[in-house]
Amino acid sequence: MAPHRGRLAFGLFATVVCGASAAWVPYWSGRAVHRLEMGQYAASRRMLGVMLAFTALAALGRYLMRNILIGLSRQIEREQRESLFAHLLERPFAFFERQRVGDLMSRLGEDIGAVRMATGPGLMSFLQAFSVLPVTLALMLNGHPGLTLAVMAPFALLGLGFYLVGKASHRLQQKAQVVTAALNTYSHETISGERVVQAFGLEASRIEGFEALCRKQARLSIRQSALFSSYGPMALLMGGLAAMVLVAFGGRLVLGRELSLGDLTAFTGYLAALTWPVMSLGWATNLFQRARAGQERIDQVLESPEPLLPQEKTEPDAAPARLELRDAEHRFATGRGLGPLSLEIPSGGSLAVVGSIGSGKTVLLQMLAGLREPTSGELKVDGRPLDHGNLRRHWAGLGWVPQEAFLFSATLRENLALGRPDATEEELWNVAQVASLDDLIRRLSAGLDTFVGERGVTLSGGERQRAALARALLRKPRLLLLDDALSAVDAETESRILANLQRHLGQTTLVLATHRVFVAELCDRVLVLEEGLPVQYGPPADLAAQEGPFARLKRLQSLERELVGAEEP
């Protein structure tokens, strides 16, 4: 709220004007009745005029109060949601490995919404109540201290009830928000994996799990609604007791001529004026408890231990990257991982990383991309250690094609030009030809402007991989990392793409992970990994000539290709 201090102060001033003006209305109403009682009709009319003036002032204050504070809360909600979204994009790779998408969506949605309700309607109701109470109590004490204490006694019990209900509401809200996050995560996973669910016939079990979470959320919501609903009856009960005390004790004072009829009328107005603010205090208390629970969950994201990524934009170096690993190692909590590993990749060189599933190929490429930090050892780029200080410079010259090619819900043109929005039509077609995507683009009804759907659902797996490759090449990267990027492409298309890529060798440093030997033979050097450890390293021709995993894999795949070729005719 700090950037909006001026607007907030004006809104609070309008709230005070509204509350204080409303508190004076019963006083002048009582004065008007008192003048009528005395037969002073002209004076009574003047008092009614003053009462109407305070009523109009209270109405103006209420309009300004609601317009400013509720509008400000909407603006703060927008700013907080944008800030949290930007904060998420500044988090490193390790942060998202331990977070669930549904949980993050819950914090961006329900939790920020709860904070908005507290900073807008909640704060407004709370301040309005506390602007009415002092003026009203002062006027009541001035009218008759004894009657004031008697009438206000039930409200003291009401405050205790609000405190106890508020504590219980906070605990329930925390549980409800956790269940809501779990429900969002479960829904997101089920919808994202609908093909697996349908293929394995898991619809019934997923529906059962969804219903169980829904029932749990419903139970908590019902309990929370029951607590929230108790504020109104408590306030009405105590207001009714206060009214009984007023009629019984106040009527006796009027009969005993210790209190005028006008003062009793004023007290009736004071009681009516206090009823809604006191009821709104309970409502505001509930909103504050919800906001407190929501803000705690937001703070958990904001205060996560991973350091923020640097935001300054830098231009990459022109020359291809030179990479150096010195006893670099990365281990997970399970003990599995990569290394220790030492190697050098010269500027413009190429390295193929070969190994079976789980051998550490992806971890190595993620380290070279700067997505994972070595738990020990050192990674240098162009002779400088790769750390948070120069990550942006490293990424500015990086072309990255992961195993799972991700396309955004946009046109093919927008997806290809994601890293270079200013790319020309000619440049787009050039990289499309290298990735053997040009034939597909010509077949599409809208060409490059074809909408590919969420995650590129309208394209096949191989087409998505080729689009991701073209997107990486368009950046003219100084370091190109291909993580099994052609696994979903047929052999003929793959051979054509590899032939096209050969023109780029020397213009960029290439590191590719693959399990296909004939792809690895494209590179200057081959690194063979087993269980995260290097077992062979050298030129592909040398490794093929000596007995070892690479030679065995080449013999096996050569036989497989011969068999496939013999069956095709």
Side-chain angles (χ1 to χ4, degrees), residues 188 191-199 352-353 357 361-362 365-366 369 398-421 423-477 480-505 508 510-516 518-520 522 557 560-561 564 568:
H188 177 268
I191 294 172
S192 299
E194 83 282 358
R195 296 179 184 178
V196 176
V197 172
Q198 293 172 357
V353 186
I357 296 174
K361 303 187 299 295
T362 297
L365 265 67
Q366 288 172 345
L398 177 66
W400 167 256
V401 185
Q403 285 179 326
E404 295 293 331
F406 186 92
L407 299 184
F408 290 89
S409 182
T411 64
L412 186 57
R413 180 190 303 275
E414 290 171 317
N415 273 285
L416 295 184
L418 188 67
R420 279 193 58 204
T424 64
E425 189 86 4
E426 182 181 359
E427 289 175 319
L428 288 172
W429 278 102
N430 286 339
V431 295
Q433 289 172 356
V434 174
S436 290
L437 197 65
D438 50 333
D439 288 341
L440 168 67
I441 296 173
R442 292 189 183 94
R443 292 197 306 270
L444 295 173
S445 58
L448 283 168
D449 296 313
T450 301
F451 188 77
V452 300
E454 185 178 6
R455 295 175 178 263
V457 68
T458 61
L459 303 181
S460 68
E463 291 167 347
R464 287 196 296 271
Q465 284 190 334
R466 283 182 280 163
L469 176 60
R471 179 171 62 192
L473 293 174
L474 186 63
R475 301 194 71 191
K476 298 179 180 178
L480 179 61
L481 302 177
L482 307 180
D483 188 5
D484 215 359
L486 302 176
S487 59
V489 175
D490 62 86
E492 181 182 352
T493 305
E494 184 176 40
S495 299
R496 188 164 60 249
I497 293 173
L498 293 177
N500 294 337
L501 277 176
Q502 285 182 333
R503 301 200 308 266
H504 288 264
L505 295 183
T508 182
L510 173 67
V511 181
L512 61 87
T514 182
H515 61 277
R516 299 179 181 178
F518 64 91
V519 175
L522 174 73
Q557 292 186 6
E560 181 182 357
R561 297 184 77 181
V564 171
E568 284 179 353

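The residues of the chain are indexed from 1 along the displayed sequence. What you see is a predicted model, and the numbers here were worked out from it, not measured in a lab.
- Of all non-hydrogen atoms in A470 and L416, the two that sit nearest each other are CB-CD2, 3.9 Å.
- Between W400 and Q366, the closest side-chain pair of non-hydrogen atoms falls below 4.5 Å.
- Closest of all the heavy-atom pairs between L469 and I497 is CD2-CG2, 3.7 Å.
- Atoms CZ and CG, from F451 and N415 in turn, are 9.0 Å apart once rounded to the nearest 0.5 Å.
- Among all heavy-atom pairs drawn from V401 and A468, the shortest one is CG2-O, 3.7 Å.
- The main-chain N or O of L398 is found under 3.5 Å from a side-chain atom of R475 such that the two form a donor-acceptor pair.
- Residue R516 holds its CZ atom at 7.5 Å from CG of D484, rounded to the nearest 0.5 Å.
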| message | Run the side-chain contact (heavy atoms from CB on, under 4.5 Å) test on L448 and T411 for me, step by step, so that the C-alpha distance in whole Å, both residues' side-chain angles and the decisive distance to 0.1 Å come before the verdict. | response | CA-CA 7 Å; L448 283 168; T411 64; over 6 Å; no

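- Looking at D439 and R443, no side-chain N of the basic residue comes within less than 4.0 Å of a carboxylate O on the acidic one, giving no salt bridge.
- Contact between T508 and P477 at its shortest, heavy atoms only, is OG1-O, 2.8 Å.
- Results of the side chain to side chain contact (heavy atoms under 4.5 Å, CB included) test with L482 over L365, V519, L501 single out L501 as the only residue that passes.
- The CD atom of E463 lies 10.5 Å from the CD1 atom of I441; values are rounded to the nearest 0.5 Å.
- The backbone N or O of S436 lies less than 3.5 Å from a partner atom in the side chain of R466, making a donor-acceptor pair.
- Environment of CD in E425: crowded, with over 12 heavy atoms of neighbouring residues, nucleotides or ligands closer than 6.0 Å.
- Rounded to the nearest 0.5 angstrom, T362 OG1 and I357 CD1 are separated by 10.0 Å.
- To the nearest 0.5 Å, atoms CG (L418) and CG (L407) are separated by 9.5 Å.
- Between the side chain of N500 and the main chain of V434, a donor-acceptor pair closer than 3.5 Å is present.
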| message | Before you tell me yes or no, could you show the steps for L473 and L480 under side-chain contact (heavy atoms from CB on, under 4.5 Å), namely the whole-Å CA-CA distance, both residues' side-chain angles and the distance that decides it to 0.1 Å? | response | CA-CA 8 Å; L473 293 174; L480 179 61; 3.8 Å; yes

| task | Could you please spell out the steps behind the side-chain contact (heavy atoms from CB on, under 4.5 Å) verdict for L512 and L486? | result | CA-CA 10 Å; L512 61 87; L486 302 176; over 6 Å; no

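- The two atoms that bring A417 and L474 nearest to each other are CA-CD2, 3.8 Å, heavy atoms only.
- Using a distance-only test at 3.5 Å, with no hydrogens or angles considered, no donor-acceptor pair links the side chain of R413 to the main chain of D449.
- The number of heavy atoms from other shown groups lying within 6.0 Å of CD (Q433) is above 12.
- Across all their heavy atoms, D483 and A513 have their closest contact at OD1-CB, 3.6 Å.
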| request: Please report the C-alpha distance between Q403 and K361 in whole Å, then the side-chain angles of each, then the deciding distance to 0.1 Å, and finally whether the side-chain contact (heavy atoms from CB on, under 4.5 Å) criterion is met. | output: CA-CA 11 Å; Q403 285 179 326; K361 303 187 299 295; 5.7 Å; no

